Engineer: 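Would you mind keeping the following structure in view while I ask a few things?
Because the structure is predicted, anything quoted here is derived from the model rather than measured.
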Amino acid sequence: MAARLFILFSIFATYVYATALTYSVAANERACFYSQVNEPGVKVAFYFAVQSGGSFDIDYSVTSPSLRVILDGEKERQGDFVFTANEVGEYRFCFLNEMSTFAEKLVDFEIAVENEARAELPIKQAGGSEQEASLLEDSIHSLSGKLTSISRAQKYFRTRENRNFSTVKSTESRIFYFSIAEVLAIVGMAVFQVLVVQFFFTGSRKGFV
């Protein structure tokens with residue numbers, strides 16, 4: 001049973017083409033990535049999340065091979081979209097960090113092209129019963145759904161962890177520089193008080209003489 005489920009899962013997995021990357025978008029940079037669609041009507045999934053940098057937001061756009069804008073947004077922290085690709089060719093996925101003058105944005109994203117056509121089940125090819133094939137098909141779809149849920153949960157917690165780490169790092173840096181400024185201010189005030197006292201004592205001695 002487990003072997004059959006593994007074979008079925010392998011068959012279904014071959015119909016999904018995914019690209020998961022983490023990219024650092026520099027300030028005033030426009031970074032574009034491309035995904036090839038070989039036939040119309042397939043599903044394309046697009047996910048992204050800003051892990052660190054600035055206010056954790058970025059502009060994005062998705063265009064078709066005919067340069068038609070499918071998706072776009074400004075100052076978004078993350079997004080999860082699925083659309084039907086009706087054109088054959090290269091689809092362009094762009095991230096724009098043009099609103100930042102110095103802050104880099106670390107973006108985690110995934111592009112998946114899924115072919116809706118399903119392979120014929122090995123049980124059906126071998127002349128197995130329809131009930132057994134249906135049970136295995138339901139099992140593989142259930143496993144696929146659970147794996148998708150686990151993957152989304154992992155992405156969510158990873159994004160939260162990275163953002164919290166970035167916030168802690170930024171707060172630590174601010175506290176460090178504030179402490180240095182406070183020490184310098186205290187030292188400067190002490191030196192100023194010494195100079196004032198010295199000036200008064202010097203003036204008193206001259207008046208006494």
Side-chain angles (χ1 to χ4, degrees), residues 12-118 141 143-174:
F12 279 88
T14 57
Y15 286 83
V16 180
Y17 306 91
T19 301
L21 295 172
T22 299
Y23 184 78
S24 179
V25 185
N28 298 317
E29 181 185 1
R30 177 189 180 95
C32 293
F33 303 87
Y34 300 86
S35 182
Q36 178 70 29
V37 174
N38 298 321
E39 59 182 82
V42 301
K43 298 291 184 181
V44 179
F46 175 50
Y47 165 85
F48 74 91
V50 181
Q51 304 293 336
S52 64
S55 301
F56 305 101
D57 58 357
I58 199 167
D59 300 342
Y60 70 93
S61 66
V62 179
T63 55
S64 66
S66 62
L67 302 182
R68 181 175 63 88
V69 178
I70 300 175
L71 299 169
D72 63 344
E74 296 181 355
K75 297 182 178 180
E76 297 288 343
R77 293 191 168 191
Q78 65 184 60
D80 193 356
F81 311 97
V82 178
F83 63 90
T84 302
N86 296 318
E87 301 178 29
V88 176
E90 281 189 339
Y91 283 76
R92 184 171 61 185
F93 303 80
C94 295
F95 297 103
L96 297 84
N97 193 22
E98 298 176 349
M99 70 276 195
S100 297
T101 56
F102 60 90
E104 293 184 353
K105 306 291 179 67
L106 186 65
V107 182
D108 183 20
F109 68 96
E110 181 178 353
I111 302 170
V113 179
E114 180 180 357
N115 193 333
E116 291 183 339
R118 296 178 181 176
H141 284 308
L143 287 174
S144 177
K146 291 179 180 179
L147 287 175
T148 301
S149 299
I150 293 173
S151 177
R152 291 178 183 273
Q154 287 178 336
K155 292 176 182 177
Y156 172 75
F157 286 116
R158 179 186 177 187
T159 300
R160 287 195 58 181
E161 180 184 4
N162 290 336
R163 288 178 180 174
N164 291 337
F165 177 77
S166 179
T167 302
V168 170
K169 188 176 180 180
S170 176
T171 304
E172 182 182 19
S173 177
R174 292 178 182 178

Engineer: Using the ring pair (Phe, Tyr, Trp, His ring centres under 6.0 Å) criterion, which residues pair with F81? Sequence neighbours excluded.
Structural biologist: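 Checked F81 against ring pair (Phe, Tyr, Trp, His ring centres under 6.0 Å); matches are Y60.
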
Engineer: My understanding is that only residues two or more places apart in sequence, or in another chain, count here; which of them pass side chain to side chain donor-acceptor pair (under 3.5 Å) with S173?
Structural biologist: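 For S173, no residue satisfies side chain to side chain donor-acceptor pair (under 3.5 Å) once neighbours in sequence are set aside.
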
Engineer: Less than 4.5 Å apart, side chain to side chain, heavy atoms only: is that true for E29 and S24?
Structural biologist: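 E29 vs S24: side chains apart.
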
Engineer: Given side chains that start at C-beta, do those of P65 and Y91 come closer than 4.5 Å, heavy atoms only?
Structural biologist: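 P65 vs Y91: side chains touch.
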
Engineer: Partners of E74 by side chain to side chain donor-acceptor pair (under 3.5 Å), sequence neighbours excluded?
Structural biologist: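 Partners of E74 under the side chain to side chain donor-acceptor pair (under 3.5 Å) test: none.
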
Engineer: F33: which residues meet the ring pair (Phe, Tyr, Trp, His ring centres under 6.0 Å) condition with it, sequence neighbours left out?
Structural biologist: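 With neighbours one apart ignored, the set is Y23, F109.
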
Engineer: Kindly write out the residues that satisfy side chain to side chain donor-acceptor pair (under 3.5 Å) with Q51, not counting sequence neighbours, or none if the list is empty.
Structural biologist: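 Result, side chain to side chain donor-acceptor pair (under 3.5 Å) vs Q51: T159, N162.
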
Engineer: Going by heavy atoms in the side chains, are V113 and Q36 under 4.5 Å from each other?
Structural biologist: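 They are not in contact (no side-chain heavy atoms under 4.5 Å apart), so the answer is no.
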
Engineer: What residues, two or more places apart in sequence or in another chain, satisfy salt bridge (charged side-chain N to carboxylate O under 4.0 Å, His left out) together with D57?
Structural biologist: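 Testing D57 for salt bridge (charged side-chain N to carboxylate O under 4.0 Å, His left out), a comparison that skips the adjacent residues, returns K105.
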
Engineer: Could you check whether any side-chain heavy atom of F93 comes within less than 4.5 Å of a side-chain heavy atom of V44, counting everything from C-beta outward?
Structural biologist: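 F93 vs V44: side chains touch.
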
Engineer: Indicate yes or no: at least one non-hydrogen side-chain atom of D59 is less than 4.5 angstrom from one of E76.
Structural biologist: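 D59 does not reach E76 side chain to side chain.
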
Engineer: Can you tell me how far OG of S55 sits from CZ of R77, rounded to the nearest 0.5 angstrom?
Structural biologist: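 Rounded to the nearest 0.5 Å, the CZ-OG separation comes out at 7.0 Å.
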
